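Before any comments, here is the structure.
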Amino acid sequence: MWWLERIQFTFHPVRIVNPPDSPADQECPVLSAPAVSLRDFALGQLHNLLRAVGLTRSTESATKLLAEALGPGSRLPLSAVPHWPSQVADDHTPVEFSVALARNEPPAVRMIVESLAESPDSRANLAAALDALEAFRAEHRLHLGRLDLVRDLFLPADPQGAFAFWYSLIVGPGAAPAIKVYLNPDVRGRESATPLVREALDRLGLSAAYPSVAEHALRREGLDRFSFFALDLMDADRARVKTYVSHEDSVVADVVRAASAAPDVDLGLLADVVELACGGTGPFTRRPLMSSYTFLSGDVDTPSGYSLYIPVRDYVQDDLEACERVLAVMDRCGLDTKPFVLALASIVRRPLGEGVGLIAHVSLRLGKPRPGVTVYLSSEAYDVTPPRTTALTA
């Protein structure tokens, strides 16, 4: 664990990324903290992260994509109070980074992004996100057919809930960035979430999938509920439809049951990873564990893949403990830890023991299309959550 000692005391200045039309290898000046905008802060973090994991060639296209997705409100200077209470991150930063890892494959960098309007509110932010979508359509080979089929369900004139439209931007080696959208089942009120998702699956030719999801993941009334609905904006042969179910007050057996809806899932591995990440078998009474089902082209009633999202930050005292747990998870999964170590070192700006939430989630991907582990890293642009002072048990 020698490198843990180094990471705790390694500080990386965030750098301004050159405009998209500048040479990719041009030197970037260090940010001036009082004047830095949220946009430039996030782009600097992305620049560091891509360099750390060997995706420097993608810097120009990825930073341009992130800048567009963040919206015009991201040009406002960072302040003590966020301009919009985004639920992407605990400190309301509207972007979260992650590194997706798999055996014998190079890492991919992902970003979850909420677009901000100049005067942000629910309606204005949705409009900003859709403006970004039009820009993306002009520059990327997006396929919006599936989104168009469910647009009227998830994008009402007066959206409710924590958000209406988030982006997932995915940067990998040797390919153009991929774009996914997250939609909110609670956008018409929580009581409408289940019928909304059921109708969306029906429109997308997956009406037979709902009974399987309900049988395995929606068994506990009031505790299991749909929390996200996601679509890849690419050609139908490669695009995924994903449904997400949050499990309040769950135990390991609940998520094992949920995972058994998908084929080729190692349920023993899943149970081990939950216990390693959370420090126990439950009940998990803080932020809930979340299941995700991946439906690929040709799927009718059974998902091809399953993922479990574990909010590790809620079950540790600080990020040092979270880091140790993520390393244990990766060891159990037989993954090389070096890309995670480098990614973490590129983001961290404080000792790991002086806060909690930099390492926000860890997810386990099982089945198709790409089994592995993803680690989610908070930007902490606005604030750092203090470490907990009492021991946690799950």
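Since we're looking at a predicted model, the values are computed, not measured.
- Of the possible polar contacts, none joining the R350 side chain to the V384 backbone as a donor-acceptor pair under 3.5 Å is found.
- Residues V356 and P386 approach most closely at CG1-O, 3.3 Å, considering heavy atoms.
- Cluster membership check: M330 shares its hydrophobic cluster with V53, using side-chain heavy-atom separations under 4.5 Å among Ile, Leu, Val, Met, Phe, Trp and Tyr.
- Residues Y382 and F41 keep their aromatic ring centres 6.0 Å or farther apart.
- Hydrophobic cluster membership is shared by L366 and V326, with clusters built from Ile, Leu, Val, Met, Phe, Trp and Tyr side chains linked at under 4.5 angstrom.
- Counting only heavy atoms from C-beta outward, the side chains of F284 and I310 never approach each other to under 4.5 Å.
- The two residues V187 and L153 make their nearest non-hydrogen contact at CG1-O, 4.0 Å.
- Rounding to the nearest 0.5 Å gives a distance of 8.5 Å between CH2 of W166 and CD of E96.
- Taken from CG in L231 to CD1 in I179, the straight-line distance is 13.0 Å, to the nearest 0.5 Å.
- Without hydrogens or angle criteria, N125 side chain to A117 main chain gives a donor-acceptor distance under 3.5 Å.
- In this structure the side chain of V362 never reaches within 4.5 angstrom of the side chain of V273, judged on heavy atoms.
- Between P85 and H92 there is a side-chain heavy-atom pair separated by less than 4.5 Å.
- By the 30° and 60° cut-offs, the orientation of the rings of Y182 relative to F228 is perpendicular.
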Could you walk me through whether Q87 and E114 satisfy the side-chain contact (heavy atoms from CB on, under 4.5 Å) test, starting with their C-alpha distance in whole Å, then the side-chain angles of each, then the deciding distance to 0.1 Å, before giving a yes or no?
CA-CA 9 Å; Q87 297 303 302; E114 180 170 19; 5.8 Å; no
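- In this structure, L344 and L352 have side chains that are in contact, with non-hydrogen atoms separated by less than 4.5 Å.
- At a threshold of 4.5 Å between side-chain heavy atoms, the hydrophobic network of Ile, Leu, Val, Met, Phe, Trp and Tyr places L144 and L183 in one connected group.
- Expressed to the nearest 0.5 Å, how far NE2 of H140 lies from CG of L133 amounts to 11.0 Å.
- Taking the charged nitrogens against the carboxylate oxygens, D314 and R287 do have a contact shorter than 4.0 Å, which makes a salt bridge.
- Residues F340 and C323 meet the side-chain proximity criterion, which asks for heavy atoms closer than 4.5 Å.
- Here the OG-OH distance, from S363 to Y309, works out to 5.0 Å after rounding to the nearest 0.5 Å.
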- Test log, rule side-chain contact (heavy atoms from CB on, under 4.5 Å), inputs F229 and L201: CA-CA 10 Å; F229 192 85; L201 289 171; 4.0 Å; yes
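- R365 and T374 share a side-chain donor-acceptor pair at under 3.5 Å.
- Within 6.0 Å of atom CZ in R220, more than 12 heavy atoms from other residues, nucleotides or ligands are found, so the atom counts as buried in its surroundings.
- Side-chain polar atoms of S227 and S246 form a donor-acceptor pair below 3.5 angstrom.
- Between Y293 and F295, the two ring planes are tilted [angle within 30° to 60°].
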| Audit row: V99, L342, side-chain contact (heavy atoms from CB on, under 4.5 Å) steps and yes/no | CA-CA 10 Å; V99 180; L342 294 175; over 6 Å; no
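- By the 4.5 Å heavy-atom criterion applied to side chains, P94 and L38 are counted as neighbours.
- Looking at K180, R146, R240 one by one, the single match for salt bridge (charged side-chain N to carboxylate O under 4.0 Å, His left out) with D232 turns out to be R240.
- Between the side chain of T93 and the backbone N or O of V95 there is no donor-acceptor pair closer than 3.5 Å.
- Across every non-hydrogen atom of L155 and A164, the tightest pair is CD2-O, 4.0 Å.
- Of the possible donor and acceptor atoms, none in the side chain of H247 sits under 3.5 Å from a partner among the backbone N and O of M290.
- D254 places a side-chain N or O within donor-acceptor distance of the main-chain N or O of V251, the cut-off being under 3.5 Å.
- One finds the CG atom of L377 at 12.5 Å from the NE2 atom of H361 (value rounded to the nearest 0.5 Å).
- No more than 12 heavy atoms of other residues, nucleotides or ligands lie within 6.0 Å of CZ in R103, so this atom counts as exposed by the packing criterion.
- Counted by atom type alone, H47 and T63 present zero donor-acceptor pairs between their side chains at under 3.5 Å.
- N184 contributes a side-chain N or O that, together with a main-chain N or O of F163, makes up a donor-acceptor pair within less than 3.5 Å.
- A distance-only check finds no donor-acceptor pair linking the side chain of R203 to the backbone of V150 [under 3.5 Å].
- Going from atom CG of D383 over to atom OG of S378 covers 11.5 Å, rounded to the nearest 0.5 Å.
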Give the intermediate values and the outcome of side-chain contact (heavy atoms from CB on, under 4.5 Å) for residues I112 and S98. CA-CA 8 Å; I112 297 175; S98 61; 6.0 Å; no
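- Contact record, C278 with L289: SG-CD1, 4.4 Å, taken as the closest heavy-atom pair.
- With respect to D186, the side-chain contact (heavy atoms from CB on, under 4.5 Å) criterion is satisfied by exactly one of R225, Q160, E191: R225.
- Proximity of S291 to L308: side-chain heavy atoms (C-beta onward) are separated by under 4.5 Å at one or more points.
- Considering every non-hydrogen atom in both A62 and V171, the closest pair reads CB-CG2, 3.7 Å.
- Proximity of a side-chain donor or acceptor of D318 to a complementary backbone N or O of E321 within less than 3.5 Å is detected.
- For the residue pair S212 / D301, no side-chain donor-acceptor distance below 3.5 Å is found, with atom types taken as modelled.
- A 4.5 Å side-chain heavy-atom check between V274 and L364 finds every atom pair outside the cut-off.
- Remark: side-chain polar atoms of H83 are paired, donor with acceptor, to backbone N or O of P77 under 3.5 angstrom.
- Criterion: ILVMFWY side-chain heavy atoms under 4.5 Å apart, direct or through other members. Under it, L66 and L50 are part of a common hydrophobic cluster.
- Aromatic ring orientation, Y167 versus F136: perpendicular (interplanar angle above 60°, classes split at 30° and 60°).
- Among all heavy-atom pairs drawn from S119 and A124, the shortest one is O-CB, 3.6 Å.
- Put simply, L116 and V36 are part of the same group of oily side chains (I, L, V, M, F, W, Y) that touch within less than 4.5 Å, one to the next.
- At distances below 3.5 Å, at least one donor-acceptor pair connects side-chain atoms of R325 with backbone N or O atoms of Y315.
- Atom CD of E215 is surrounded by more than 12 heavy atoms from other residues, nucleotides or ligands within 6.0 Å.
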